[in-house]
Amino acid sequence: MIDIRLIRENPELVRKAARDKNMKVDVDRVIAVDARRRAIETEYNELRHQQHVGGERVAKAPKEEKAALSQELGKLKARLKALDEERVGVEAELHELMLLMPQIPDPAVPVGPDASGNVEVRRVGTPRRRDEFGFEFRDHVDLGLKLGLFDLDRGVKLAGARNYVLRGAGAMLHEAVLRFAWDTMLSKTFARPGHAGEALRFEPMTVPVLVLEKIMYGTGYFPLGRDDVYLAERDQQCLVGTAEVPVTGFHADEILPEADLPKLSVARSTCFRREAGAAGKDTRGLYRIHYFDKLEQVVVCRADPAESAYWHDVIVRNAEDVLAALELPYRVLEVCTGDMGQGKVRMYDVETWMPSRDAYSETHSASRFHDFQARRLNLRYRGDDGKTQFCHTLNNTVIASPRILIPLIELNQQADGSVAVPAALRPYMNGVERIG
RNA sequence: GGAGAGGUGGCCGAGCGGCUUAAGGCAACGGUUUGCUAAACCGUCGUACUGGUAAUAACCGGUACCGGGGGUUCGAAUCCCCCCCUCUCCGCCA
């Protein structure tokens, strides 16, 4: 959500944001509905005031005058009721329209139509192409099936297309990667800009993966992303596509003391995605699947763009540290306006090299929202000056598996068909150095 | 799932049709007193929208909000209906 005042005072800014983000929004309609809403409210308030004043007169009037006065006031009721009914309709329309308004991207974000407009920021590690292995390259599907790391057919039998079962060393590798990511996150300390002495840590937490719709709206996944979400309609709950949703929503409808900020949280969850718009795309293997596990980092901080930017760098770096420790080549991309999504101010994707795809492919996504989610979630803090403000929110993947197993398996394959376990993961694999 | 009790401001807790934004207490903040701390005393002490003087500052006023929604009434925190949540007991269960 953006501030309605921004639309009233600077509609062109919002129109441009929508254009740049490839979104269709009706700014004029918002302005008109908002004006009507305020007119209704003014009249309604005025009539209610009359009613209150009149009501007091009834209470104090001599008995014989009460009936006449009451009857007189009764005339207000019809108008008030009509006004109230119109207000409900107008507010509902305004709310619906506001849910569609784009967050204004940072001026530094490259303007572009889609993923083709994304800009590479840096590249770390050396990608290895399939013909550079010195033996016959196998992709993760071949390797995984041969080594018994997962079972795709039975995953489909159990749950339909894009489902799978990790087994044996594959299941262990999955857990190892996640547990390694936990430990990496929890071993670090952080300080706010200008507070060098601080030793803030990410707080580990578990969260519900089945949440109420309001949290989906609050984090910006509804209404526009609804098609990609599994619904448990009987209970009016939704399966989350990321722990970002419950973690960011954790303090919804609260006013936090400024001293409690920033809130640094990290949570693992299973993530459920319908992949509604992706029919026929990435159908091979473990790349695009309906469920996976992900460790997610979330930051809730003061409404300060500079601090927000600072934490954005921090969470990108955290992800990079994990990839570097796993010895995986990756690049960081600045995502352009057309590819960044409704609520985001700025966004970086991290793409890890996957030889089978002959490309860097998305494994992480780091987003900065400013107060977009906080407004929807009603997530505020009370500043040291006593004023309440909406927080800023950010999030990034720490690790998502099994997608990350694709480069991990493929890049560590040996001539004999076995897969070497990177040193960082061996402690989490009971010391196993080689699978197969 | 069944039966009962209950949901009021940061917390505790009165109110049970008008004079209640809501007593009282605690916490918090400002001040007086004070060698310091404490105590005592005085004051402040919700959120949002909105009107006026006015700068989105300050002040004065209005409206909404006593779990959520609807109803009765000139008027509802207070009465009625539906829903949600919490607690206790019973049942079931990892």
Side-chain angles (χ1 to χ4, degrees), chain A residues 1-11 13-14 30-31 33-95 97-99 104 206 208-218 232-238 246 249-261 263 270 303-305 370-371 374-391:
Chain A
M1 198 88 85
I2 59 176
D3 192 341
I4 183 76
R5 275 173 290 199
L6 185 66
I7 300 177
R8 289 206 285 257
E9 289 161 18
N10 207 340
L13 196 62
V14 180
V30 171
I31 291 171
V33 173
D34 174 53
R36 181 63 196 142
R37 197 208 96 229
R38 287 192 294 160
I40 290 169
E41 183 157 326
T42 301
E43 187 181 352
Y44 181 85
N45 286 353
E46 173 57 26
L47 291 180
R48 279 291 278 170
H49 182 53
Q50 283 179 32
Q51 193 176 50
H52 286 164
V53 173
E56 271 174 49
R57 228 183 305 132
V58 173
K60 288 173 184 156
K63 261 197 195 107
E64 58 276 18
E65 290 175 24
K66 278 185 198 285
L69 281 171
S70 293
Q71 203 187 357
E72 185 63 27
L73 280 174
K75 292 175 186 165
L76 283 178
K77 286 178 82 172
R79 178 64 188 147
L80 231 22
K81 190 172 166 76
L83 224 37
D84 194 50
E85 276 164 12
E86 191 187 351
R87 202 202 66 215
V88 168
V90 166
E91 277 179 357
E93 183 182 357
L94 184 62
H95 185 65
L97 289 165
M98 287 301 290
L99 287 174
I104 315 297
T206 74
V209 294
L210 210 45
V211 303
L212 299 177
E213 285 208 348
K214 62 179 285 196
I215 306 300
M216 299 301 287
Y217 279 102
E233 282 176 297
R234 185 170 66 174
D235 298 293
Q236 288 157 342
Q237 292 171 312
C238 313
F250 186 71
H251 289 293
D253 293 317
E254 294 182 31
I255 302 177
L256 303 167
E258 179 167 350
D260 286 6
L261 299 179
K263 293 271 182 190
T270 302
D304 171 10
H370 282 182
D371 60 3
R375 282 180 182 276
R376 290 176 169 236
L377 287 165
N378 194 219
L379 164 54
R380 294 173 293 175
Y381 70 98
R382 190 181 308 283
D384 296 332
D385 56 4
K387 280 195 198 155
T388 58
Q389 293 187 74
F390 291 104
C391 302

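Keep in mind that this is a model prediction, so the values were computed, not measured. Convention: sequence-line order gives letters A, B, ...; per-chain numbering from 1.
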TODO: May I ask you to test the A:Ile104-A:Leu6 pair for a side-chain heavy-atom distance under 4.5 Å?
DONE: yes
TODO: Enter the distance from A:Leu76:CG to A:Gln50:CD here, rounded to the nearest 0.5 Å.
DONE: 5.5 Å
Task: Note, A:Asn378 side chain near A:Phe390 side chain (heavy atom, < 4.5 Å) - done: yes
- [ ] Taking the side chain as every heavy atom from C-beta outward, state whether A:Ile31 and A:Pro11 have any pair of such atoms under 4.5 Å apart.
- [x] yes
TODO: Mind calculating the distance between CG (A:Asp235) and P (B:rG1) to the nearest angstrom?
DONE: 10 Å
Open item on the list: Suppose you measure atom P in B:rA38 against the same atom in B:rC29; what distance do you get, rounded to whole Å?
Closed with: 11 Å
Task: Protein-nucleotide distance (A:Lys214, atom NZ; B:rG68, atom C1'), rounded to Å - done: 10 Å
Task: Residues which pass side-chain contact (heavy atoms from CB on, under 4.5 Å) with A:Arg87, listed by chain and number, not counting sequence neighbours - done: A:Ile40, A:Tyr44, A:Asp84, A:Glu91
Open item on the list: Work out how far the C1' atom of B:rG9 is from that of B:rC65, and round it to whole angstrom.
Closed with: 11 Å
Open item on the list: Within residues 2-11 of chain A, which residues have any heavy atom lying less than 4.0 Å from an atom of RNA chain B?
Closed with: A:Arg8
Task: Residue-level proximity of residues 39-46 of chain A to RNA chain B when a heavy atom falls under 4.0 Å - done: A:Glu41, A:Asn45
Open item on the list: Looking at B:rG62, I'd like to know if its phosphate oxygens (OP1 or OP2) sit under 4.0 Å from a side-chain N or O belonging to A:His49.
Closed with: no
TODO: Write down the distance separating the P atoms in B:rA57 and B:rC49, rounded off to the nearest Å.
DONE: 12 Å
Task: Greater than 12 external heavy atoms within 6.0 Å of A:Arg37's CZ - done: yes
Task: Span that lies between the C1' atom of B:rG35 and that of B:rG46, in whole angstrom - done: 39 Å
Task: 5'-most by nearest nucleotide on RNA chain B - A:Arg48 or A:Ile255 - done: A:Ile255
Task: Nucleotide nearest A:His52 when distance is taken to its side chain, options B:rC74, B:rU47, B:rA64 - done: B:rA64
- [ ] Go through the steps for A:Glu46 and A:Thr42 under the test side chain to side chain contact (heavy atoms under 4.5 Å, CB included), then give the verdict.
- [x] CA-CA 6 Å; A:Glu46 173 57 26; A:Thr42 301; 5.7 Å; no
Open item on the list: Looking at A:Asp235 and A:Gln237, would you say the former's side chain and the latter's main chain have a donor-acceptor pair under 3.5 Å?
Closed with: no
Task: Nearest-angstrom distance from the residue atom CD of A:Gln237 to P of B:rC85 - done: 10 Å
Task: Minimum side-chain heavy-atom gap A:Arg36-A:Glu86 below 4.5 Å - done: yes
Task: Residues forming a side-chain contact (heavy atoms from CB on, under 4.5 Å) with A:Glu254, sequence neighbours excluded - done: A:His251, A:Leu256
Task: Bracket notation of RNA chain B in which parentheses pair within the strand, [ ] cross earlier pairs, and | pairs with another strand (Watson-Crick or G-U, under 3.5 Å) - done: ((((((((.[[[..)..(.....]]].(((((.......))))).((((((((....)))))))).[[[[[..)....]]]]])))))))....
Task: Within residues 77-94 of chain A, residues whose heavy atoms come under 4.0 Å of RNA chain B - done: A:Lys77, A:Lys81
Task: A:Asn45, A:Leu47, A:Val53 screened by side-chain contact (heavy atoms from CB on, under 4.5 Å) with A:His49, the one that passes - done: A:Val53
TODO: With heavy atoms under 4.0 Å as the rule, sort A:Arg57 into base, sugar-phosphate or nothing.
DONE: nothing
Task: Whole angstrom value for the distance that separates C1' of B:rG46 from CG of A:Asn378 - done: 13 Å
- [ ] Using a strict cut-off of less than 4.0 Å between a Lys/Arg side-chain nitrogen and an Asp/Glu carboxylate oxygen, indicate whether A:Glu65 and A:Arg57 qualify as a salt bridge.
- [x] no
TODO: Considering just the side-chain nitrogens and oxygens of A:Gln51, establish if one lies under 4.0 Å of OP1 or OP2 belonging to B:rC74.
DONE: no
- [ ] Provide the distance between the two C1' atoms, one in B:rC45 and one in B:rG25, to the nearest whole Å.
- [x] 14 Å
Task: side chain to side chain contact (heavy atoms under 4.5 Å, CB included) assessment of A:Leu377 paired with A:Asp253 - done: CA-CA 6 Å; A:Leu377 287 165; A:Asp253 293 317; over 6 Å; no
Task: Rounded P spacing from B:rU86 to B:rU72 in Å - done: 32 Å
Task: Non-hydrogen side-chain atoms of A:Lys66 and A:Gln71 separated by less than 4.5 Å - done: no
Open item on the list: On the nucleotide B:rU47, are OP1 or OP2 found under 4.0 Å from the side-chain N or O atoms that A:Arg382 carries?
Closed with: yes
- [ ] Measure from the side chain of A:Arg38, starting at C-beta and using heavy atoms only, and say which of B:rA76, B:rU50, B:rU47 lies closest.
- [x] B:rU50
Open item on the list: What's the gap between B:rC82 and B:rA5 when it is taken at their P atoms, as a whole Å value?
Closed with: 15 Å
Open item on the list: Consider side chain to side chain donor-acceptor pair (under 3.5 Å). Of A:Gln389, A:Lys387, A:Glu258, A:Lys263, which one does A:Tyr381 pass it with?
Closed with: A:Gln389
Open item on the list: I'd like the C1' distance from B:rU8 over to B:rG2, given in whole Å.
Closed with: 29 Å
Open item on the list: Can you work out whether A:Val53 or A:Thr388 has the more 5'-proximal nearest nucleotide on RNA chain B?
Closed with: A:Thr388
